[in-house]
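Values reported hereafter were calculated over all heavy atoms of this structure, with side chains retained and with hydrogens, waters and symmetry mates removed.
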Amino acid sequence: MGVGIAVGLSGFAFGVTSAGAGLTLLQSCALSLLVFTGASQFALVGALAAGGNPLTAAAGAFFLGVRNTFYGLRLSQLLALPRYVRPFAAQWVIDETTAVALAQPTRRGVRIGFTVTGLTLYVLWNLTTLLGALGAEAIGDTDTWGLDAAGPACFLALLAPMLRTTRERAVAAIAVVLGLGFLPLLPAGVPVLIAALAAPAVLWFEGRRAGRGTAAESAGESGRGTTDRKGTDR
């Protein structure tokens with residue numbers, strides 16, 4: 001509930017930003033109700049506010065939201081929900097619910113963490129989107145409130161304790177480098193997808209290193225076997 005409340009307040013920032021970009025109250029609320037992935041929503045209204053083409057803005061938001069597909073692949077195994085429930089649960093597959101769910105040690109804990117975080121965040125995010133869009137002029141500049149930083153800060157606080165092994169830290173570090181490196185070069189959303197390549201890259205490197213170690217060990221055993229046979233012949 002703490003995660004849902006903390007991040008849900010960021011809906012104020014989205015409501016204000018969306019209204020400032022020229023979207024109507026209905027459009028702003030529809031985005032939070034139907035899309036419900038903050039980063040994609042901010043990317044869309046940010047591009048529109050900068051004068052971007054609506055189709056281009058939507059494409060950038062779409063690419064940024066693709067990351068939730070990878071979350072879903074993992075959560076489908078952990079949650080093991082009935083088939084008729086999965087389409088509804090998919091609406092809540094976002095950064096925060098994934099981070100909370102993965103931090104739980106049991107399937108029951110995973111389901112509770114996912115459900116409570118998703119429900120709290122969904123309700124509060126949509127409520128604050130409405131209030132933010134209605135009171136955009138009264139709230140003023142959201143940067144002054146720092147509401148736009150609440151979501152990323154909360155997600156990083158959840159992620160940091162999970163980086164326990166060298167492999168996990170390497171993936172995180174490489175992902176940061178890739179994401180920040182391509183951020184000024186590619187459209188919104190694409191750098192996040194490129195950063196996801198850090199995981200297979202680290203696994204490929206470890207597999208290659210393990211293969212070399214196995215080959216060297218086999219060569220050593222082969223050499224020792226040849227020496228033993230020579231000794232026996234003598």
Side-chain angles (χ1 to χ4, degrees), residues 3-4 6-7 10 35-44 58-81 86-87 89-107 109-115 117-118 121 148-217:
V3 173
V7 180
S10 303
V35 179
F36 187 54
T37 171
S40 295
Q41 294 178 233
F42 275 111
L44 176 63
F62 171 80
F63 281 121
L64 192 56
V66 168
R67 72 191 189 283
N68 295 336
T69 303
F70 299 105
Y71 298 160
L73 292 174
R74 179 60 177 147
L75 287 177
S76 65
Q77 300 174 354
L78 295 177
L79 292 169
L81 297 172
R86 293 179 185 178
Q91 179 69 355
W92 290 353
V93 176
I94 55 175
D95 297 335
E96 291 76 17
T97 55
T98 301
V100 172
L102 291 177
Q104 310 310 313
T106 64
R107 173 161 293 171
V110 169
R111 289 179 172 179
I112 292 175
F114 177 84
T115 304
T117 305
L121 181 51
D148 55 335
C154 199
F155 183 68
L156 287 175
L158 288 167
L159 179 63
M162 299 175 66
L163 303 178
R164 301 186 182 94
T165 66
T166 302
R167 174 193 296 171
E168 292 165 350
R169 291 170 187 152
V171 169
I174 295 173
V176 169
V177 172
L178 290 175
L180 293 179
F182 285 98
L183 187 62
L185 304 176
L186 299 174
V190 179
V192 176
L193 299 179
I194 293 179
L197 296 176
V202 170
L203 292 175
W204 174 83
F205 177 78
E206 286 190 345
R208 188 179 180 85
R209 185 173 62 178
R212 288 177 179 175
T214 303
E217 184 177 348

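- Across every non-hydrogen atom of A195 and L178, the tightest pair is CA-CB, 4.0 Å.
- Side-chain atoms of R167 never come within 3.5 Å of backbone atoms of L203 as a donor-acceptor pair (strictly under, hydrogens ignored).
- In plain terms, the two heavy atoms of L75 and A101 that are nearest each other are CD2-CB, 3.8 Å.
- Formation of a donor-acceptor pair under 3.5 Å by the T37 side chain with backbone atoms of G65 is not found in this model.
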Exercise for review: Give the intermediate values and the outcome of side chain to side chain contact (heavy atoms under 4.5 Å, CB included) for residues D95 and Y71.
Suggested key: CA-CA 8 Å; D95 297 335; Y71 298 160; 2.8 Å; yes
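- Between atom CD1 of residue I94 and atom CZ of residue F114 there is a gap of 8.5 Å, rounded to the nearest 0.5 Å.
- Contact between R111 and A80 at its shortest, heavy atoms only, is NH2-O, 2.8 Å.
- One distance of note links CZ of F182 with CD1 of I194; it measures 4.5 Å at 0.5 Å rounding.
- Between A58 and L44, the closest heavy-atom pair is N-CD1, 3.7 Å.
- With values rounded to the nearest 0.5 angstrom, L73 atom CG is found 11.5 Å from L78 atom CG.
- The CG atom of L186 lies 10.5 Å from the CZ atom of F63; values are rounded to the nearest 0.5 Å.
- Across all non-hydrogen atoms, the minimal contact from T98 to V93 is OG1-CG1, 4.3 Å.
- Rounding to the nearest 0.5 angstrom, the gap separating the CZ atom in R74 from the CG atom in L79 is 10.0 Å.
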Exercise for review: Under the side chain to side chain contact (heavy atoms under 4.5 Å, CB included) rule, what do L121 and V3 come out as? Steps first, then yes or no, please.
Suggested key: CA-CA 8 Å; L121 181 51; V3 173; 5.9 Å; no
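- Residues P191 and G179 come closest through the heavy atom pair CB-O, 3.7 Å.
- A donor-acceptor pair is defined here as one N or O able to donate and one able to accept, closer than 3.5 Å; such a pair exists between the side chain of Q104 and the backbone of V100.
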